[in-house]
There are 2 protein chains.
Amino acid sequence: MDALAIQQIRQFNRTVTEGIGALHDRFLGRARPLGEARLLWEIGPEGAEVRALRSRLGLDSGYVSRLLRSLQRQRLARVRVDPGDRRVRRADLTRAGLAERAELDRRANDLALHILEPLSEHHRAALVAAMTEVERLLQASMVHVAVEDPTTPDARWCLEQYSAELDDRFDAGFDPALSIPADAHELVPPAGAFFIARLRERPVGCGALKLHRDAPAELKRMWIAPAARGLGVGRRLLQELERHAREAGAAVLRLETNHALTEAIALYRRSGYLEVDAFNDEPYAHHWFEKRLSRNHRRRRSVARTAE
Amino acid sequence: MDALAIQQIRQFNRTVTEGIGALHDRFLGRARPLGEARLLWEIGPEGAEVRALRSRLGLDSGYVSRLLRSLQRQRLARVRVDPGDRRVRRADLTRAGLAERAELDRRANDLALHILEPLSEHHRAALVAAMTEVERLLQASMVHVAVEDPTTPDARWCLEQYSAELDDRFDAGFDPALSIPADAHELVPPAGAFFIARLRERPVGCGALKLHRDAPAELKRMWIAPAARGLGVGRRLLQELERHAREAGAAVLRLETNHALTEAIALYRRSGYLEVDAFNDEPYAHHWFEKRLSRNHRRRRSVARTAE
DNA sequence: CGAATTCTCTGACTATAGTCAGAGAATGGA
DNA sequence: TCCATTCTCTGACTATAGTCAGAGAATTCG
């Protein structure tokens, strides 16, 4: 694997963590312990349920309880019982707490300004552009794909997004009732599988398989959130779907699609799918594709694996 | 100031610290406390003086002493008296310590690999390129310029680099003895000033002023380390020199230079210097420049100040 | 030579950032 | 209705990452 690339990433990590990290401490000014500051920030102007704070920050319930008491003692936050469910508490910020949060916000801005300030206009623009690029690609690298239950709220959300997008892009709109169904019960083992691609817990794409004993497997419901497009998420999702289908014993994976979905069609072609005659009567489809899943495609823990 | 740029930098900081930070902890595996791991790394294969470790890591002497004892108990390091000066101790790694350090190195590589692994070749190359760019520009932004004593080892080193570079680039080489002198005693207040540009303590450039009561100030000994070129360090150094000359009462700043120094000449022209007739008999000079230092050029704490 | 300085170590102390095991109150489901 | 679950809090405990004030040995400076 490319040793130079690895060295560059390590160098980048050093520069960013030491450089920005040191600045961060100087600007965010460790006047307040980090835990309190994070909590103060996370409560936000609207307030939040204590249990939500706990899960968002990944902290122990006892610890959050004590941090909140400390914020209360400093008259920065209030904690009250939720009238709806009297087990849960809601935290919100006092005027002083809001001011303190605004101050944190201001300091974070100052930090960014302090980085830009010494640079010329030209270099500033270059830095912001390069940062945008690094951030996008890091996010791409942090996307994980996993089989999930198609009935969870996240899964339903993805499927709704999928339908809404088709409705928006198809010339005649999209009514799931007129299309060949792929209901939840068909997308759980052993009949099929439902995959969600997530970026830090948030769903950014989905895809599903319908498995048929000896007949080709079918690829359904593939969708990538607009914000995650162009990052290779579709390619990775497709690879996972193919791997799953292969491991489930399918020799061929096939799919139908609409001519409005140009990026998807390009992805399928790029990934080795060949256009074939219509193999079903899906009313929204214009193209039918299939791909033979090679059996000997070993899954090695090597980087070369994902090379295009 | 550009609010979008600031938002982008904040977003970048979040993604990088949360994304890479989380990975960092997972890979570097908090099996060993961070303090010990840093020290183990810093001792290095060659060993190091304890006082050097202290200053490099910026740690308290008592703390380092205890950390070292802990490493000794784990048979990872040895501490011995320096035979030359029996007050100082040297630490070095045992075989086990070296193995542990190699393991840290391996894990840092794995972290980098883990970031690259999910990406396509195309996206990998783009990420590495963008990281290189961010790192370069962040470094540019971390350069600081300050007046320093021209007799310190760092100052001498800069001046040697300066001479060596001229000797290398001038057609006929460069012999300081034949050039108009600018000795250390001329480069301290009130006769003049010597500036060093530093990136994290390491010198990456220098420049000097000779001040003459009512005559124009002279710019001398300007040099930028090859690794720091193209980052705007020269421009910032020049701005500092001009500011200092202006504040010392000079109305005009002038300089002579050799035609081999094309980037320097371009910088001077870009910065408002006008070519004038020879005002001295410097044997190595081909061009003479001067710039009128405007008095009313207020130094505002605004970003616009450094715009080109 | 004697005084000041340098380098390291020890003891005593602190703050931060947690973890874990209950306990009590409120709620939801059978 | 009652049992399990959810939500929060308290007390007791831990590890990490330091800081500070000497003290003792070695060295350097005037």
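No hydrogens, no waters, no symmetry mates; every other heavy atom, side chains included, goes into these values. In the text below, chain A, chain B and the rest are named by the order of the sequence lines, each starting its count at 1.
- Proximity of B:R66 to the phosphate of D:dT16: no side-chain N or O atom is located under 4.0 Å from OP1 or OP2.
- In this model, a donor atom of one side chain and an acceptor atom of the other lie less than 3.5 Å apart for A:Q74 and A:E36.
- Distance CZ (B:R54) to P (C:dT6): 12 Å, rounded to an integer number of Å.
- Nucleic acid contact for B:V64: none, since no nucleic acid atom lies under 4.0 Å from a heavy atom of the residue.
- If you take CZ of B:R32 and P of D:dA17, they are 12 Å apart, rounded to a whole angstrom.
- In summary, the side chains of B:T151 and B:D149 do present a donor paired with an acceptor at a separation below 3.5 Å, with no hydrogens or angles considered.
- Comparing D:dT8, C:dC9, C:dT8 by their nearest atom to the side chain of B:R51 picks out C:dT8.
- For A:R86 and C:dA26, the shortest distance from a side-chain N or O to OP1 or OP2 is below 4.0 Å.
- To the nearest 0.5 Å, the span separating CD on A:E135 from CD1 on B:I9 amounts to 11.5 Å.
- Between A:R38 and B:A52, it is B:A52 whose nearest contact on DNA chain C lies nearer the 5' terminus.
- Using a 4.0 Å heavy-atom cutoff across all strands shown, A:D85 reaches sugar-phosphate atoms only and no base atom.
- The residues A:E201 and A:R198 are annotated as not salt-bridged, no charged nitrogen and carboxylate oxygen being separated by less than 4.0 angstrom.
- Between the CG atom of B:L59 and the C1' atom of C:dC7 there is a distance of 16 Å, given to the nearest Å.
- Between A:G58 and A:P83, the one whose closest nucleotide on DNA chain C sits nearer the 5' end is A:G58.
- Residue B:R87 places its side chain closer to C:dC7 than to any other of C:dT27, C:dC9, C:dC7.
- When rounded to the nearest whole Å, the span between CD of B:E49 and P of D:dA26 equals 17 Å.
- Atom CD in A:E36 sits roughly 12 Å away from atom P in C:dG18 (whole-Å rounding).
- Here the side chain of B:R69 is nearest to one of C:dC9, D:dC9, C:dT10, namely C:dT10.
- C:dT8 atom C1' lies 17 Å from atom CZ of B:R80, rounded to whole Å.
- Spacing between atom OH of A:Y63 and atom C1' of D:dG11 amounts to 17 Å, rounded to whole angstrom units.
- Distance B:D82 CG to D:dT28 P: 11 Å, rounded to the nearest Å.
- Ion pairing between A:E240 and A:R236 fails under the 4.0 Å rule for side-chain N and carboxylate O.
- Taking 3.5 Å as the limit, the base of C:dT8 and the side chain of B:R89 contain no donor-acceptor pair of atoms between them.
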